[in-house]
There are 2 protein chains.
Amino acid sequence: MKSQLSAKRQQIVDFILQFMGERGYPPTVRDIQSGCGISSTSVVDYHLKVLEKEGHIRRDPEVSRGIELPGRASALTEKVQVPIIGQIAAGEPIPVPGSDTWDVAAGADFLEVTAEITRGRQDIYALRVKGMSMVDALINDGDMVLMQYASTVDNGEMAAIWLKAEKEVTLKKVYLESDRVRLQPANSQMQPIYANPRNIEIQGRVIAVIRQLGKPA
Amino acid sequence: MKSQLSAKRQQIVDFILQFMGERGYPPTVRDIQSGCGISSTSVVDYHLKVLEKEGHIRRDPEVSRGIELPGRASALTEKVQVPIIGQIAAGEPIPVPGSDTWDVAAGADFLEVTAEITRGRQDIYALRVKGMSMVDALINDGDMVLMQYASTVDNGEMAAIWLKAEKEVTLKKVYLESDRVRLQPANSQMQPIYANPRNIEIQGRVIAVIRQLGKPA
DNA sequence: TCCGATAGAGAACAATTGTTCTATAACAAT
DNA sequence: ATTGTTATAGAACAATTGTTCTCTATCGGA
């Protein structure tokens with residue numbers, strides 16, 4: 001069903017993709033014509049018909065700009081701009097999201113993720129992990145931690161916890177036991193620690209961890 | 001500049017959003033007319049002009065379906081559908097991406113990520129991590145590993161390595177030393193292992209690791 | 001060589017679609 | 001009452017844009 005594209009048709013698909021990206025809507029036959037240096041609209045139509053037959057595009061007949069790229073544009077699942085509001089390290093409290101944190105005009109750094117990762121949750125922010133103190137949570141130096149503001153969490157959820165006496169942040173799964181709190185590392189081979197409920201302060205729920213390897217582009 | 005929308009105009013914006021999601025391209029004035037139960041195209045045009053003045057939409061004059069929703073429209077391109085082609089576990093070779101892997105019609109599972117994460121790289125695929133054997137790479141059971149097909153990697157890059165004699169996959173940073181290969185765990189507190197170059201087979205480059213916490217929606 | 005499939009060119013046609021013009025009505029402020 | 005703004009209607013116009021028809025050219029196989 002899906003064959004290798006000829007140079008011209010590959011060029012057309014690329015052009016449609018680029019056009020959609022720049023303009024937000026698909027090109028007309030004549031847009032493709034001039035964009036790909038084709039002499040006639042009928043030639044464009046000819047290639048589009050072949051592309052549709054091979055399943056590379058989908059067309060709505062008689063509809064202007066009625067071109068879809070299956071898979072790439074079909075689902076408009078949204079992108080979320082997650083503000084990177086600071087870093088997280090063992091020895092310092094994590095930054096608290098302020099009222100202006102989600103202000104797009106704030107000019108902060110943003111991490112773009114799909115709603116599939118945040119699962120539609122609101123008020124997500126990101127922290128960059130500094131140092132190796134989170135290895136027992138299987139989190140490395142440089143990782144991004146996606147957090148959701150929360151002062152309480154359900155049993156078993158991973159949370160950022162401020163240990164008041166130790167003046168330390170840690171990322172652990174929280175289990176409330178009768179009169180103490182069990183803080184369980186993500187790495188289940190490691191031992192949990194137990195804390196007095198009054199000594200801990202939940203600073204947020206961990207939604208996701210994203211680690212990018214290799215040198216930044 | 002950005003004011004509260006009247007009921008009718010909110011309905012129009014919602015309709016455009018829904019239409020874009022279903023069809024992959026923006027609606028015409030007449031699509032909006034029938035979709036929102038408006039009696040005249042001029043009324044639609046009137047509302048669209050107001051919406052544009054208020055900055056809620058952007059229009060290209062004289063262009064059919066020339067409507068953009070700022071912020072969401074650009075989301076279309078920079079998303080990548082990464083096919084989840086299998087799982088990775090210590091004792092089994094990782095699946096090899098086939099020629100049909102990137103076939104949209106293949107109906108496989110996809111992980112949607114932004115181009116910011118893949119950094120524009122092509123031929124990315126994803127593997128779900130099975131088991132705890134990758135903890136020394138700070139990778140947990142259930143994590144998603146984004147891979148790029150590669151049979152060689154640069155020094156220091158993280159790769160999926162098949163150890164022929166041991167019949168095991170492992171994720172390690174690869175350093176070629178004079179006559180041996182040093183395989184360094186991501187967790188730098190752990191010791192490297194050394195291998196004969198003829199005993200290893202590089203199966204792919206690790207691009208990113210994504211871990212989602214909490215129960216799936 | 002002949003033939004069929006593929007690719008391209010040019011022009012005209014017809015449908016789609018954005019725009020504009022004229023009216024009407026409700027409502028608030030002057 | 002008058003004026004101005006907002007919202008709605010209907011119709012016609014003009015630009016955009018998809019489709020089709022005819023011709024030509026190349027290339028590989030029967």
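Each chain gets a letter, A, B and so on, in the order its sequence line appears, and its residues count up from 1.
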Original post:
Under 3.5 Å, is there a donor-acceptor pair between the side chain of B:Asp60 and the main chain of B:Gly66?
Top reply: no
**OP:** Check the distance between C:dA7's C1' and A:Gln11's CD and give it to me in whole angstrom.
**Re:** 14 Å
Subject >> Separation of atom CD1 in A:Ile67 from atom C1' in D:dT19, rounded to whole Å >> reply: 14 Å
**OP:** For A:Ser42 and for A:Tyr46, find the nucleotide of DNA chain C with the closest heavy atom, then tell me which residue's nucleotide is more 5'.
**Re:** A:Tyr46
Original post:
Can any side-chain N or O of B:Arg65 pair as donor or acceptor with the backbone N or O of A:Ser64 at less than 3.5 Å?
Top reply: yes
Original post:
So, B:Asp14 versus B:Gln18: side-chain donor-acceptor pair below 3.5 Å or not?
Top reply: no
Original post:
What integer distance in Å separates A:Leu48:CG from C:dG8:C1'?
Top reply: 14 Å
Original post:
So, is A:Ser64 close to the C:dT17 phosphate, meaning a side-chain N or O under 4.0 Å from OP1 or OP2?
Top reply: yes
**OP:** For D:dT20, take OP1 and OP2 only and decide whether either is under 4.0 Å from a side-chain N or O of A:Lys49.
**Re:** yes
Original post:
Separation of A:Tyr25 atom OH from C:dT17 atom P, in whole Å?
Top reply: 15 Å
**OP:** Remember a base hit wins even if backbone is also touched, and classify A:Val50 as base, sugar-phosphate or nothing at under 4.0 Å, heavy atoms.
**Re:** nothing
Subject >> Between C1' of D:dT17 and CG of A:Asp60, the distance in whole Å >> reply: 15 Å
Original post:
In terms of side-chain heavy atoms of A:Val29, which of D:dT8, D:dG18, C:dG8 is nearest?
Top reply: D:dG18
**OP:** Please state whether the phosphate of D:dT6, meaning OP1 or OP2, lies under 4.0 angstrom from any side-chain nitrogen or oxygen of B:His47.
**Re:** no
Original post:
Between C:dT20 atom C1' and B:Glu62 atom CD, what is the distance in whole Å?
Top reply: 11 Å
Subject >> Closest-nucleotide 5' rank along DNA chain D - winner of A:Asp45 and B:Ile38 >> reply: B:Ile38
Original post:
Counting only side-chain N and O atoms of A:Arg30, is one of them less than 4.0 Å from OP1 or OP2 of D:dT16?
Top reply: no
**OP:** Indicate whether the side chain of B:Arg30 and that of B:Thr41 have a donor and an acceptor atom separated by less than 3.5 Å.
**Re:** no
Subject >> Separation of atom CG in A:Asp31 from atom P in D:dT17, rounded to whole Å >> reply: 6 Å
Original post:
Checking only heavy atoms, does the side chain of B:Thr41 share a donor-acceptor pair with the base of C:dT19 at less than 3.5 Å?
Top reply: yes
Subject >> OP1 or OP2 of D:dT6 under 4.0 Å from side-chain N/O of B:Lys53 >> reply: no
Original post:
Just checking B:Ser40: base, sugar-phosphate only, or nothing, at a heavy-atom cut-off of under 4.0 Å?
Top reply: base
Original post:
Does CZ belonging to A:Arg59 count more than 12 external heavy atoms closer than 6.0 Å?
Top reply: yes
Subject >> Spacing of B:Arg9 atom CZ relative to D:dT6 atom P, expressed in whole Å >> reply: 9 Å
